[in-house]
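Data block below; observations after.
These numbers come from the heavy atoms of this one structure, side chains and all, not from hydrogens, waters or symmetry mates. In what follows, chains carry the letters A, B, and so on, assigned in the order in which the sequence lines appear, proteins first and then strands, with residues in each chain numbered from 1.
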Amino acid sequence: MDKAYQPAEIERRLYAEWEAAGYFQPGDATDTYCIMIPPPNVTGTLHMGHAFQHTIMDALSRYQRMRGRATLWQPGTDHAGIATQMVVERQLEASGEHRLDLGREKFIARVWDWKHESGGTISKQMRRLGDSVDWTRERFTMDEGLSKAVTQVFVQLYREGLIYRGTRLVNWDPVLHTAVSDLEVVSAEESGHLWRFRYPLTDGSGHLVVATTRPETMLGDTAVAVHPDDERYQKLIGKTVTLPLAEREIPIIADNYVDPEFGTGCVKITPAHDFNDYEVGQRHQLEQINILTIDAALNDDVPAAYRGLDRYDARKRVVADLEAAGLLDGIDEHRLMVPRGDRSGAVVEPFLTDQWFVRVAPLAEPAIRAVENGDIRFVPENWSKTYYEWMRNIQDWCISRQLWWGHRIPAWYDEAGQVYVGADEAEVREANNLDEQLALRQDDDVLDTWFSSALWPFSTLGWPAQTDALKAFYPSSVLVTGFDIIFFWVARMIMMGLKFAGDVPFREVYITGLIRDQDGQKMSKSKGNILDPLDLIDGCDLETLVSKRTSGLMQPKLKPRIEKATRKQFPNGIPEFGTDALRFTFARLASTGRDINFDLPRVEGYRNFCNKLWNAARYVLMNVEATPPDTAIDTTLPGRWIRSRLGKLITDVHTQFAAYRLDLAAKALYEFTWNEYCDWYLELTKPILQNDGDIAQQHASRRTLVVVLEQLLRCLHPIMPFITEEIWQKVAPVAGASGDTIMLQAFPENTAFPADDAAEAEMAWLQGFVLGIRQIRGEMDIAPRRPLPVLLRSVASQDKQRLADHGRYLQSLAGLEKIDILHGDGKPPPSATALLGDMQILVPLEGVIDVAAEISRLRRNHDRLSADLERSRNKLANERFVANAPADVVDKERGRQAGLDKDLRRIDEQLAQLQALQ
RNA sequence: AGGCGCGUAGCUCAGUUGGUUAGAGCGCUACCUUGACAUGGUAGAGGUCGUUGGUUCGACUCCAAUCGCGCCUACCA
């Protein structure tokens, strides 16, 4: 074995072996476990958030697989309608082409080309991350099977009246030329203005003043509204105003929607271009005048002067014209929420179009109940609130998109505009007895990407066919995902799963935090703070990193700043850490219910951990390879102790996995490995193995060394798959484990390693002894290699026994020359002191210790002890404490006080003796 | 406006039903190349747990208020 762990070659080799051997496939156990991957965009790349979630999913999968369950981690990708179409459109643009020139069919062919070209990136990344997904079952949302499922669901929902088509006001993206759902619109506060305009009353008796943030839409006004109780405008209700510029007569109506306190208390109503106004218009049967084109320019339904103007040019023109006409009452600065498309960034327009909708409320009801009654559990629990909040106020879902890339809506129209919905044209014709001569045209629109994603948990398993996979793995066990797609995806999967697969799609939903950068900033390309998980695994030199972060920026002017920040944060680029170190970092950071600020130095720490494990294994193998261990029972203290500790670790790891606390599982594993196994156990085997001691004990210790390591490797494997497999391959034969891979070994159970309280108590004594000496050594600046003579005082018979049993460990770990017991009231020489229970451990000063230094060390101890003692005394002097606190707490406090008191007296004695020397 | 969350060591974070001296990693200080490991070892410094009040024998932990930060949902033209 190399002296240091070298991950790169090992990882690639092992993953290929695992995959070729079919270890990722579920096997045929009846107890099943299943995780559906949240399908990433097929042409995208995995970012840190993916790597984090994949670490969790893979650790869970490997853990359950080792527990003997038939485990399926279902992989696949999403066609990501808008995102993918945009990428390909941009590629066309670069070569001077345009989607519309190409035509639908050719364009879609180009997208498929791109999918094939770039779709391999994600699977490569997943393989490097060690993801144990069943590649033989990989799916894509536009696969034939999944597309069939989409059609079937659409048709059934339509037949049940849960899908309908209608002319509605929707969010229109004027750049992408498509409708988008509410969820795809992000509103942010921006500065703007609030204009006040005078609208003259038609009867010439004056005017009223309306306030608006969108002057250009006044050309589509069909009413002015006031609050019914607003005394100022009482007598105007029912009258009309003459809409300026358009010169149309429109009514003054009363509606509770108006807030009399805001603006002037008069609202212009534009039903075709504002969601609230639309509602008002419905209530008052107002005309809807659409004044915009699909590009958000003004159309031909406005006066000639404004036709063809972009909405913002029109705004200027309208304001100028009204001002010229003396109708501008004033302008105020105003902060307002501006809705933008999450993909294009364009300001979205409420726009009247024909679209398809899902009537969601009836589907939401059982989906709400499923969470209420515990069929689905959110982890952490409080996310269920977010879920309820949205589900209980759910709006119909606009599912049609005016795109080409996606599942085309299975609806056909005849020339009269009659719509027929069915699986395909032939079926539609047959079902409706349509003449072959009758021309049918399929709906041009495609479905929202999330429509197919909603079916993912059962469509990937073969639904609508009742496949064996569906029976075995539906419902899946847990969904691991981010809070940002609870509405987009989680809620919709639950609704569709209940409706079509007859059960919830998963039992638990583990909502992970977001991976942010070291300063808590969201990672994004535009901020230039993204990290590629593979760069952390393989390393990345500074120049490559800079160019990755600064190329293809939406705002090129940010480039210098990003470059500077990057050079500052990574002066030497990123070193190679390996997959396991990255995964362990993610696991260690995966505390629930909060976002994660990704701290790069931490990865380095866990790379060191890998190296520590690697070298521990080297030590073990060095000691056991030559003489294979026999099966003798280990009666040595260190052996009994480490087995007992291992049992506790195993219990802990099971508990934490069950609670999705991978951070605590990783913490327990780290601490056991480093602080117990390496720091103490390996060190304690040295005096056993290196001296000419008891041969039986040596054999037993070799066995414990290798058995504990082998079990530890299994425990670590779900989080650190590669290093554990590599070491296991070497360790298993000497540990007496059979099998080809650690992946399929049984996860350890604590029953094989019962608690040994006696050993733990003795070991605590031993550790206390060693630490006491080390403390003196460290603080007195005594050379580590210098053997020290030690005197013991107040030695109880138990101490004597322990000394006899474990003296050699003390000598080895504390570097002792000899240990003498001070009998009776023999006067000790001036010494440095450590306390161990009642026993005093004395290191004679002569020639070794600086008296003044020891005095100051003892004083510090004295101060600390007396502060503690005083606190304890006060507590016990408090009658109410003694009366009210549980007896065991009081007893504990009394014992503590007695101990502190005794320790303090010993320290003071020692102090007095030393002070007398000065 | 409503909802959720956060504030603990220089930095990034743990702290499970209230109960000894509040922990870890990184960083920092001193010493140490001892045959598993300098990607290491040993010892050490460093925190009035955002603030105030309350409940309690006892509060990092429970309650209320308050300050600061973040996110989500909805939205007044």
How is A:K522 classified with respect to the nucleic acid when contacts are heavy atoms under 4.0 Å: base, sugar-phosphate, or nothing? nothing
For the side chain of A:R864, counting heavy atoms from C-beta on, which of B:A36, B:U21, B:G41 is nearest? B:U21
Complementary nucleotide of B:G2, counting Watson-Crick and G-U pairs under 3.5 Å: B:C72
In whole Å, what separates the P atom of B:C13 from that of B:C71? 15 Å
Scan A:H227 against the nucleic acid and name what it touches under 4.0 Å (heavy atoms): base, sugar-phosphate only, or nothing. nothing
Roughly how many Å is it from CG in A:N597 to P in B:C13, rounded to a whole number? 4 Å
Please determine if a side-chain N or O atom of A:W674 lies less than 4.0 Å away from the OP1 or OP2 oxygen of B:G41. yes
Using a cut-off of strictly less than 4.0 Å, decide whether A:R661 has a side-chain nitrogen or oxygen near OP1 or OP2 of B:G15. yes
Looking at B:C60, which nucleotide sits across from it as a Watson-Crick or G-U wobble partner, both distances under 3.5 angstrom, or is there none? none
Would you check if the distance from the ring center of A:F586 to the ring center of A:F598 is below 6.0 Å? yes
Examine A:Y606 together with A:F577 and report whether their ring centres are nearer than 6.0 Å. no
Could you give the CE-to-C1' distance, from A:M337 to B:C72, as a whole number of Å? 11 Å
Under 3.5 Å, is there an N or O donor on one side and an acceptor on the other linking the side chain of A:K612 and the base of B:C37? yes
Given B:A24, is OP1 or OP2 found less than 4.0 Å from the side-chain N or O atoms of A:R588? no
Mind checking A:F609 for me? I need base, sugar-phosphate or nothing, with any heavy atom below 4.0 Å counting as a touch. nothing
Using atom P of each nucleotide, how far apart are B:G23 and B:A45 to the nearest Å? 13 Å
Do the side-chain N or O atoms of A:N608 get closer than 4.0 angstrom to the phosphate oxygens (OP1, OP2) of B:U39? no
Separation of B:A77 atom P from A:D332 atom CG, nearest Å, is 13 Å
Reckon A:R607 touches a base, only the sugar-phosphate, or nothing at all at heavy-atom distances under 4.0 Å? base
Given the P atoms of B:A9 and B:G15, what is the spacing between them in whole Å? 15 Å
To the side chain of A:R516, which of B:C71, B:G19, B:A30 is closest? B:C71
Can you tell which of B:A77, B:C72, B:G40 lies closest to the side chain of A:F483? B:C72
From C-beta outward on A:F881, which listed nucleotide comes closest to its side chain: B:G19, B:C37, B:U12? B:G19
Looking only at side chains, do A:T685 and A:Y619 share a donor and an acceptor under 3.5 Å apart? yes
Using a heavy-atom cut-off of 4.0 Å across all strands, would you classify A:L709 as base, sugar-phosphate, or nothing? nothing
Given side chains that start at C-beta, do those of A:E710 and A:V706 come closer than 4.5 Å, heavy atoms only? no
Taken to the nearest whole Å, OH/A:Y387 to P/B:C72 is 21 Å
Determine whether A:I253 and A:H284 satisfy the following criterion, side chain to side chain contact (heavy atoms under 4.5 Å, CB included), listing intermediate values before the conclusion. CA-CA 8 Å; A:I253 60 173; A:H284 297 265; 3.7 Å; yes
Which listed nucleotide (B:G19, B:G44, B:C4) is nearest to the side chain of A:Q775? B:G44
What is the distance from CZ of A:R594 to P of B:U16, rounded to the nearest Å? 13 Å
To the nearest angstrom, the CD1-P distance between A:I776 and B:U42 comes to 17 Å
Considering only side-chain heavy atoms of A:L664, which listed nucleotide, B:A14, B:A36, B:C37, is closest? B:A14
Between B:A36, B:C57, B:C31, which one does the side chain of A:K686 approach most closely? B:A36
Ring pair (Phe, Tyr, Trp, His ring centres under 6.0 Å) between A:Y5 and A:W614, worked out: CA-CA 6 Å; A:Y5 177 54; A:W614 182 257; 5.1 Å; yes
Nearest-angstrom distance, P atom, B:U52 to B:C57: 23 Å
Mind checking the C1' distance from B:U73 to B:G10? Whole angstroms is fine. 38 Å
May I ask you to say what A:D259 touches in the nucleic acid, namely base, sugar-phosphate or nothing, with a heavy-atom cut-off under 4.0 Å? base
Which is true for A:R871 with a 4.0 Å heavy-atom rule: it touches a base, it touches only sugar-phosphate, or it touches nothing? sugar-phosphate
Any strand is fair game: report the nucleotide pairing with B:G7 by Watson-Crick or G-U wobble, both distances under 3.5 Å, or none. B:C67
Just the rounded figure in Å: distance from P of B:G7 to CG of A:D595. 12 Å
Under 4.0 Å: is that the gap between some side-chain N or O of A:N611 and OP1 or OP2 of B:G40? no
Indicate whether OP1 or OP2 belonging to B:A14 is found under 4.0 Å from a side-chain N or O atom of A:S591. yes
Determine, stepwise, if the pair A:R602 / A:E604 fulfils salt bridge (charged side-chain N to carboxylate O under 4.0 Å, His left out). CA-CA 5 Å; A:R602 236 171 139 133; A:E604 189 180 343; over 6 Å; no
Rounded distance in Å between the C1' positions of B:C49 and B:A24: 16 Å
A:H273 side chain N/O closer than 4.0 Å to the phosphate oxygens (OP1, OP2) of B:A77? no
Distance, P atom - from B:G25 to B:G40, rounded to whole angstrom: 11 Å
Look at all strands and tell whether A:W195 reaches a base, only sugar-phosphate, or nothing, counting heavy atoms closer than 4.0 Å. nothing
Tell me what A:Q395 touches on the nucleic acid: a base, only sugar-phosphate, or nothing, going by heavy atoms under 4.0 Å. nothing
To the nearest angstrom, how far is A:L682 atom CG from B:G40 atom P? 15 Å
Does any donor atom in the side chain of A:Q518 or A:Q569 lie under 3.5 Å from an acceptor atom in the other side chain? yes
Any strand, both distances under 3.5 Å, Watson-Crick or G-U wobble: B:U29 pairs with B:A43
Please tell me which of the listed nucleotides, B:U39, B:C72, B:A38, lies nearest to the side chain of A:A4? B:U39
Assign each of A:N675 and A:D274 the nucleotide of RNA chain B bearing its closest heavy atom; nearer the 5' end lies the nucleotide of A:N675
Indicate, with a heavy-atom threshold strictly under 4.0 Å, whether A:E779 touches base, sugar-phosphate, or nothing. sugar-phosphate
When all nucleic acid strands are considered with a 4.0 Å heavy-atom cut-off, which category describes A:C610: base, sugar-phosphate, or nothing? nothing
Looking at the side chain of A:P784, which of B:G19, B:C32, B:A77 is the nearest nucleotide? B:C32
When we call it a touch if two heavy atoms are under 4.0 Å apart, what does A:F598 touch: a base, just sugar-phosphate, or nothing? nothing
Nearest-nucleotide comparison on RNA chain B, the residue closer to the 5′ end among A:W383 and A:Q518: A:W383
Side chain of A:R896 only, please: which of B:A30, B:U20, B:A36 is the nearest? B:U20
By the 4.0 Å heavy-atom rule, please label A:K385 as base, sugar-phosphate, or nothing. sugar-phosphate
Could you give the distance separating B:G5 and B:C63 at their P atoms, to the nearest angstrom? 11 Å
